[in-house]
Engineer: 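One structure is given below, represented as structure tokens, and several questions about it will come after.
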Amino acid sequence: MTSVALGPTDQLDPRLLEHRRELTGYCYRMLGSAFDADDAVQETMVRAWRGLADFEGRSALRSWLYRIATNVCLDQLNGRNRRALPMDLAGDPYPPVPASLAGQRPMTAWIEPVLDRQVLPEDGDPAEQAVARESIRLAFIAALQHLPPRQRAVLILREVLRWKAEEVATLLETTVASVNSALQRARATLADLDGRPAPRSLDDDDRALLARYLDAFERYDIEAFVQLLHEDATQHMPPFEMWLRGAEDIGTWMRGPGAECAGSRVFLTSANGTPALAQYRRREGGGHEPWGLHVLEIEGGKVAHISSFLDLGTGLFAKLGLPAGFD
């Protein structure tokens with residue numbers, strides 16, 4: 001999609017801008033890409049801006065914006081292959097050897113990460129915030145991609161945003177019976193995929209684990225690092241097709257093909273509703289350049305999964321608003 005420039009944001013009606021963040025979250029869940037979501041929201045704002053004079057309050061402004069955003073997303077998804085994660089495409093893990101890097105796909109093939117601050121409300125009811133965090137977890141976003149686009153919209157609107165069936169039917173210009181049927185089919189698909197992670201919050205032990213994880217990574221103490229992983233931990237690294245299973249293999253990878261990550265600088269952030277590590281690898285000639293955003297899943301006091309999204313000429317860090325590097 002080609003974005004249409006709106007000009008300075010202060011030229012937009014503030015009523016439109018106050019919905020930008022939640023619309024970005026909605027479009028991200030629909031599209032599986034923070035960058036496609038930004039394009040979709042930009043297009044939504046263009047259409048709304050052009051039609052605002054004729055809006056005349058025929059329906060709630062928020063509902064009207066969601067109708068526009070849904071149509072934009074459905075247009076984007078028309079004829080497009082679903083995005084995935086490497087573990088969705090290969091049944092068996094790869095060996096921790098350089099040859100495993102042979103397979104690579106464009107970033108348009110993969111689920112992409114999103115920073116929490118881009119899509120989650122800054123305040124509000126804690127229970128609603130917990131639901132919002134779980135609804136951007138990578139496993140859930142990947143599962144959503146298995147749903148036909150209209151089923152996807154129904155499930156997000158009904159179960160994440162808590163819209164009534166009548167409201168969704170009006171938005172999609174269909175019947176309540178059709179909405180309920182689509183929701184039932186979507187739920188069944190997600191149940192088969194086990195795509196709904198159990199809600200949980202970080203406790204003091206988890207935060208201590210993250211501090212040790214960051215310290216071990218920066219010191220590149222792989223023995224200490226491996227001790228923080230589940231025995232059957234997994235890791236994948238889009239845009240590469242490979243994925244690894246087992247703390248031992250992850251350690252072998254880091255001592256071998258990943259050894260150039262020694263000397264990196266890292267800091268903690270939050271992405272996809274979970275802790276994440278932004279890694280800047282040492283640059284030849286001095287300084288540190290963006291390398292990877294590692295989205296972490298913690299279970300039972302250890303790191304169970306690492307989704308490492310590599311910035312290999314994709315501008316990932318710049319698009320996410322992360323620092324461009326360090327001296």
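Both backbone and side-chain heavy atoms feed into the values below; hydrogens, waters and symmetry mates do not.
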Engineer: Should the pair Glu159-Arg187 be classified as a salt bridge under the 4.0 Å nitrogen-to-oxygen rule?
Structural biologist: yes
Engineer: So do Leu229 and Lys302 actually touch side chain to side chain, heavy atoms under 4.5 Å?
Structural biologist: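 No, side chains not in contact.
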Engineer: Looking at Asp215 and Arg219, does any basic side-chain N land under 4.0 Å from a carboxylate oxygen?
Structural biologist: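 Yes, Asp215 and Arg219 are salt-bridged.
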Engineer: Can you confirm whether Ser100 sits close enough to Pro95 that some side-chain heavy atom of one is under 4.5 Å from a side-chain heavy atom of the other?
Structural biologist: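 Yes; the side chains approach each other to less than 4.5 Å.
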Engineer: Could you check whether Arg83 pairs with Asp36 (Lys NZ or Arg NE/NH1/NH2 to Asp/Glu carboxylate O, under 4.0 Å)?
Structural biologist: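 Answer for the salt bridge query: yes.
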Engineer: Mind checking whether His305 and His236 have ring centres under 6.0 Å apart?
Structural biologist: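 Yes, the ring of His305 comes within the 6.0 Å limit of the ring of His236, centre to centre.
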Engineer: Taking the basic N atoms (NZ, or NE/NH1/NH2) and the acidic carboxylate oxygens, is any pair closer than 4.0 Å for Arg105 and Asp88?
Structural biologist: no
Engineer: Could you list who else is in Val176's hydrophobic cluster, with ILVMFWY side chains joined at under 4.5 Å, directly or through other members?
Structural biologist: none
Engineer: With sequence neighbours excluded, tell me which residues meet salt bridge (Lys or Arg N to Asp or Glu O under 4.0 Å) with Glu173.
Structural biologist: none
Engineer: Please determine whether residues Met87 and Leu144 belong to a single hydrophobic cluster, defined as Ile, Leu, Val, Met, Phe, Trp and Tyr linked transitively by side-chain heavy-atom distances below 4.5 Å.
Structural biologist: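 Cluster IDs for Met87 and Leu144 differ.
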Engineer: Which heavy atom in Leu320 sits nearest to a heavy atom in Val114, and how many Å separate them?
Structural biologist: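 Scanning both residues, the minimum pair turns out to be CD2-CA, 4.3 Å.
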Engineer: Can you find a side-chain donor-acceptor pair between Thr24 and Gln118 that sits under 3.5 Å?
Structural biologist: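 Not at all, the side chains of Thr24 and Gln118 share no donor-acceptor pair under 3.5 Å.
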Engineer: To which residues is Trp110 joined in a hydrophobic cluster, defined by side-chain heavy-atom contacts under 4.5 Å among Ile, Leu, Val, Met, Phe, Trp and Tyr, whether direct or through other members?
Structural biologist: Leu89, Met107
